[in-house]
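Letters A, B, ... mirror the listed sequences (proteins, then strands); counts begin at 1.
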Amino acid sequence: MKLAIVDVGCGNIGSVGIAFERFGLTPLITADAEAIAGADKVILPGVGAAGFAMEQIEARGLAPVLRGLTQPVLGICLGMQLLFERSEEEDSACLGIIPGRVRKLAPAPDRPVPHMGWSRLSVADPDLGLADGDYVYFAHSFACDDGGWTAASADYGRRIPAVVRSGNYLGAQFHPERSSAAGARFLERFLER
Amino acid sequence: MPARRIIPCLDVRDGRVVKGVQFRDHRDVGDIVEHALRYRDEGADELVFYDITASAEGRSLDTDWVRRIARVIDIPFAVAGGVRSRDQAAACLDSGADKVSINSPALERPALIEELARDFGSQCVVLGVDSMAEDGDYFVHQYTGSVERSRDTGLRTLDWIREATERGAGEIVLNCMRRDGVRTGYDIAHTRDVASAATVPVIASGGAGAPEHFRDAFRDAKASGALAATVFHDRIIAIPDLKEFLAGCGIEMRH
């Protein structure tokens, strides 16, 4: 299987790559449009800021390629947020594959921001490799709009989409590569798609 | 809040895990990968690795051991020690670390916090604060990894934390220095003051000696996580037992 990890010039490429190596794969970390389009599966990683990541994607001419993929695609954390239309983070235009927005979480007593740590999932889609009550690891200050695309969620003052799904595009707000057994099940199920 | 986090802290010197008392007299307690795996298997929620001498020696931490850890564990971990630039932080993240913790270099040049938050996001930027009680207030100390260079900055801890979070720090590890390694309990009043003032998660550090100390940090000080070293390294507290005790106190724990 050819697995491409899109090199957006920042972020958690190291730990995402290692997570897939645990499945015996040798992911290709690349910013090459042809290699991405020709892969069996595509990972859009991302730790970082939306504006910086979109600049990197635009500078590499990758936005149209990422929008046009037909194979299974998984955006992780910022990579999931980039699937949406717009982010409040530096008021950045994103890829617009999913029709919602990404908004800043508001801190409240007992609810600091970033949302950092292991939160329990409510799972609506039974085909994710995840179960209700699974704990997964979050580290984010911005969250996507909740909508028909929400496949699993966590509670952080409001319903936070933890997994979104739209056609062949899947996004995880949590970090499957750092979510122990539940994260591994989620990645394994993605690889079976 | 998410489940409260139990965070073993591993002090690193030359790629080995070491432990001292009140930041002094470090002894070797074992191999870094073996420790990381053991804690992961016992149910630690996150790990922190401090290269204790990097900052005082004017170098950044060695990404070699960061890679070794990243390869074997599947829970988040932060690394700390002498990270002074965007590129040094990028090297840590590229090597598989989830967060970079900065302390003395952020005091030298507070703009470093903004530079890291801008490129990597606040959730990657942890601010380590060594706080010492003096004359009824708390002050930030710098270069605490070296007995010779350790110094009082004269900065009030609460002032520094306010400034650092405004600049983009996404989490605070509050080391209460008088409690370090002495196992008499976290400084609950100080941790609560910091957690109430900060809008970001605060991790209690320094003084854990008994399961009740963790309970107090979560229940009374509102800490998001509690960090400890001695009680875990010396097997005084087993993490599964600790989590069972805390869950029994009504504190949400990951299981």
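Contact check on R120(A) versus D155(A) returns no salt bridge, with no Lys/Arg side-chain nitrogen under 4.0 Å from an Asp/Glu carboxylate oxygen. In summary, D146(A) and R158(A) do not engage in a salt bridge, as defined by a charged side-chain N under 4.0 Å from a carboxylate O.
Using cut-offs of 30° and 60° for the angle between ring planes, the W149(A) and F84(A) rings count as perpendicular.
Between the side chains of H115(A) and S141(A), no donor-acceptor pair is found at a separation under 3.5 Å. Using modelled atom types and a 3.5 Å distance limit, the side chains of D193(B) and Y138(B) yield no donor-acceptor pair. Remark: the Y39(B) side chain and the H233(B) side chain contain an N/O donor-acceptor pair separated by less than 3.5 Å.
Taking chain B as the reference chain and counting heavy-atom pairs below 4.5 Å, the highest number among G51(A), A139(A), G133(A) is found for A139(A). In terms of non-hydrogen atom pairs under 4.5 Å with chain A, the most contact-rich of S196(B), G170(B), G225(B) is G170(B). Of the listed residues (A195(B), S122(B), G96(B)), the one with the most heavy-atom contacts under 4.5 Å to chain A is G96(B). Ranking H255(B), R67(B), R40(B), R4(B) against chain A, the residue ahead of the rest is H255(B), based on heavy-atom pairs under 4.5 Å.
Heavy atoms of T199(B) lying under 4.5 Å from chain A belong to its backbone as well as its side chain. Both the backbone and the side chain of R254(B) come within contact range of chain A, each with at least one heavy atom under 4.5 Å from a heavy atom of that chain. For S180(A), the parts sitting under 4.5 Å from any heavy atom of chain B are the backbone and the side chain alike. If you measure heavy-atom distances from P114(A) to chain B, the contacts under 4.5 Å come from both the backbone and the side chain. For V72(B), the part lying near chain A is the backbone, with the side chain staying farther off; criterion is any non-hydrogen pair under 4.5 Å.
The line from CD of Q173(A) to SG of C77(A) is 5.0 Å long, rounded to the nearest 0.5 Å.
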